[in-house]
Amino acid sequence: MSVPPLHPDKPQLDGHQLAEICKTALPDDEFLLARIQALVPDYPVRLAAIGGEWYRIGGIVDRNGRRIAANLIEWAERTFIECGRDLQTLIEHTLEQNLIATRQIGNTLYIVIQTGRRAEDFIQLEIDKTHEVSDRLLVSPHKPPEDLEEFIDPLEPEWLQSFSIGTARYTYRRKTDVPVFMDEINKYHNDEHPARRFLHDWNRSSAGQKAVFCEDWFIRPHQTIGRFGEQIISVEIINTQKKNLPRLDAIAGKKGKALNTALTRFDRQAGYPFAWFFHMLKGQLVSPQTGIAVFQDISGDFAYLPVRDAAVLQDWIETPYSVYSGPASYDF
């Protein structure tokens, strides 16, 4: 039976609106969420996760923190030309001005807007939160650069004690309409993409009847280039739970009541039924041997899984899959 959406129509979110909100919002995540919620008052908006910290080359300031350039790379290339493409002239000019290079420190905020009851019924926003800090002398008097590339990104920089430059700011990066994206991603794969199957299994399981997918999971779309230069679009499913879940990777010999007790404990701490199955697909905390052991149980004398979950598990046994993507490369 299909589950009706929360609302008959999807919220209309314009990228220009979101970019303007990011540009004018105070550097406070709750304030930013409230501004977005005001755009879509009938749909729940929440911060799903904050990505790990990353760094980028910033701009240029003087010793007093006065802005010289917002973009170090653009300034260096333009000033190099103005100096007659003479690197020594550029170095002398920079040393006379006593200039400081900055860096941008940032995190990506993953914000979800629930639009229905199915796992895929949400819109995901990615917004970068950055702040600028002093980094190094633009040119080290002790180890000057040998070419423009080293001027921009030196191998042996002369670090400075860091100080903040201005306040944090937000930059709108991407909006993903998840149902549309999931339909699109299947065009690039001969079989059903594992992430799409993950969502489908969620919808037909007990988890989909009791829990909201985007309260504990979100997606991370990404593109790679294939061996023949073709563009490959894929997606990663990421769990955001901070709960202290038990591990189910040592279930050797467990069956029947003992195994059911371990599964129930896991699900209770996760907050919804059949959670162990989806964590198994993710390759974290729950080993595939757990799924095999459960299937052997329910194929014999035990019947502790609901019919809908038993059907999902049997399909996995017949055609196994996972959404494991290797060790986490970010910290949530």
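We use all heavy atoms of the structure for the numbers below, so side chains are in, but hydrogens, waters and symmetry mates are not.
- Nearest approach of L305 to V294, heavy atoms of both residues: CD1-CG1, 3.7 Å.
- A side-chain hydrogen bond (donor to acceptor under 3.5 Å, both in side chains) with T108 is found for one member of R174, R173, R220 and no other, namely R173.
- Between the side chains of D128 and T171, no donor N or O sits under 3.5 Å from an acceptor N or O.
- For T167, there are no side-chain hydrogen bond (donor to acceptor under 3.5 Å, both in side chains) partners, not counting sequence neighbours.
- Residues A310 and I298 come closest through the heavy atom pair CB-CD1, 3.9 Å.
- Side-chain atoms of R46 come within 3.5 Å of backbone N or O of C214 as a donor-acceptor pair.
- I219 has its side chain out of reach of E236: every pair of non-hydrogen atoms, C-beta onward, lies at least 4.5 Å apart.
- Ring pair W75/F151 is parallel by interplanar angle, where below 30° counts as parallel and above 60° as perpendicular.
- Here NE2 of H193 is found 11.5 Å from OH of Y321. Values are rounded to the nearest 0.5 Å.
- Taking 4.0 Å as the cut-off between side-chain N and carboxylate O, D267 and K210 do not count as a salt-bridged pair.
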Worksheet item: Between R35 and E20, is a salt bridge (Lys or Arg N to Asp or Glu O under 4.0 Å) present by the stated rule, with each step listed?
Response: CA-CA 11 Å; R35 293 283 303 274; E20 188 60 28; over 6 Å; no

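- A distance-only check finds no donor-acceptor pair linking the side chain of Q97 to the backbone of L99 [under 3.5 Å].
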Worksheet item: Yes or no on side chain to side chain contact (heavy atoms under 4.5 Å, CB included) for F31 and Y170, after CA distance, side-chain angles and deciding distance?
Response: CA-CA 12 Å; F31 180 78; Y170 297 106; over 6 Å; no

Worksheet item: Do L281 and F277 pass the side chain to side chain contact (heavy atoms under 4.5 Å, CB included) test, and can you show the C-alpha distance, the side-chain angles, and the key distance before you say yes or no?
Response: CA-CA 6 Å; L281 296 180; F277 177 80; 3.5 Å; yes

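- Under a 3.5 Å cut-off, the side chain of S234 and the backbone N or O of H222 do not form any donor-acceptor pair.
- Here the side chains of L138 and L72 are in contact, with some heavy-atom distance below 4.5 Å.
- Within the model, atoms CZ of F163 and OG of S134 stand 4.0 Å from one another, a figure rounded to the nearest 0.5 Å.
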Practice prompt. Report the C-alpha distance between I127 and L32 in whole Å, list the side-chain angles of each, state the deciding distance to 0.1 Å, and finish with yes or no for side chain to side chain contact (heavy atoms under 4.5 Å, CB included).
Written response: CA-CA 10 Å; I127 294 173; L32 176 67; 4.2 Å; yes

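- Between K129 and D29, at least one side-chain nitrogen of the basic residue sits less than 4.0 Å from a carboxylate oxygen of the acidic one, meeting the salt-bridge criterion.
- In this structure, F213 and W217 have parallel ring planes: the angle between them is below the 30° cut-off, well short of the 60° mark.
- The two residues F218 and A49 come nearest to each other via the heavy atoms CE2-CB, 3.6 Å.
- When the shell of 6.0 Å around CD of E149 is examined, it contains 12 or fewer heavy atoms from other residues, nucleotides or ligands.
- The two residues Q37 and Y43 come nearest to each other via the heavy atoms NE2-O, 2.7 Å.
- E158 and S140 share a side-chain donor-acceptor pair at under 3.5 Å.
- A continuous path of ILVMFWY side-chain contacts below 4.5 Å connects L248 to F295, so both sit in one hydrophobic cluster.
- Considering only heavy atoms from C-beta on, I113 comes within 4.5 Å of L125 through its side chain.
- For the pair I111/V45, a side-chain contact is recorded, criterion being any heavy-atom separation below 4.5 Å from C-beta on.
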Fill in: From CA spacing to verdict: side-chain hydrogen bond (donor to acceptor under 3.5 Å, both in side chains), D309, S206
CA-CA 6 Å; D309 296 346; S206 295; 2.8 Å; yes

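- At a threshold of 4.5 Å between side-chain heavy atoms, the hydrophobic network of Ile, Leu, Val, Met, Phe, Trp and Tyr places I68 and V133 in two separate groups.
- Between the side chains of N203 and E120, a donor-acceptor pair is found at a separation under 3.5 Å.
- Atom NZ of K175 sits in a crowded spot, with more than 12 heavy atoms from other residues, nucleotides or ligands closer than 6.0 Å.
- Nearest approach of W316 to P288, heavy atoms of both residues: CH2-O, 3.7 Å.
- Counting heavy atoms from C-beta outward, E150 and D147 have side chains that approach closer than 4.5 Å.
- Taken together through direct or relayed side-chain contacts under 4.5 Å among Ile, Leu, Val, Met, Phe, Trp and Tyr, V112 and V212 form parts of separate hydrophobic clusters.
- Distance CD1/I91 to CD/E146: 9.5 Å, rounded to 0.5 Å.
- Proximity of S162 to R136: side-chain heavy atoms (C-beta onward) are nowhere separated by under 4.5 Å.
- Residues that satisfy the side-chain hydrogen bond (donor to acceptor under 3.5 Å, both in side chains) test with E77, not counting sequence neighbours, are absent from this structure.
- Residue L259 is grouped with residue L245 when hydrophobic side chains (ILVMFWY) are merged at heavy-atom distances under 4.5 angstrom, including chains of intermediate members.
- Salt bridge R56/E132: absent, no basic N to carboxylate O contact under 4.0 Å.
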Fill in: Worked verdict on Q104 versus I165 for side chain to side chain contact (heavy atoms under 4.5 Å, CB included)
CA-CA 10 Å; Q104 297 283 353; I165 299 164; over 6 Å; no

Fill in: Intermediate values then yes/no, ring-ring contact (aromatic ring centres under 6.0 Å, His included), H279 and F266
CA-CA 10 Å; H279 281 269; F266 187 98; 5.3 Å; yes

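- Residue N260 holds its CG atom at 11.5 Å from NZ of K254, rounded to the nearest 0.5 Å.
- Looking at H200 and R196, their side chains never come closer than 4.5 Å, going by heavy atoms from C-beta outward.
- Checking side-chain atoms of N107 against main-chain N and O of G51 turns up a donor-acceptor pair under 3.5 Å.
- Summarising the geometry of L148 relative to A76, their closest heavy-atom pair is CD1-O, 4.1 Å, with the distance given to 0.1 Å.
- If you take CE on M280 and CZ on F274, they are separated by 7.5 Å, rounding to the nearest 0.5 Å.
- Between N71 atom CG and I57 atom CD1 the span is 9.0 Å, to the nearest 0.5 Å.
- Using a 30° and 60° split on the angle between ring planes, Y304 and F302 fall in the tilted class, from 30° to 60°.
- Side-chain contact between R66 and V61 is absent, with no heavy-atom pair separated by less than 4.5 Å.
- Taking 4.0 Å as the cut-off between side-chain N and carboxylate O, R67 and D62 do not count as a salt-bridged pair.
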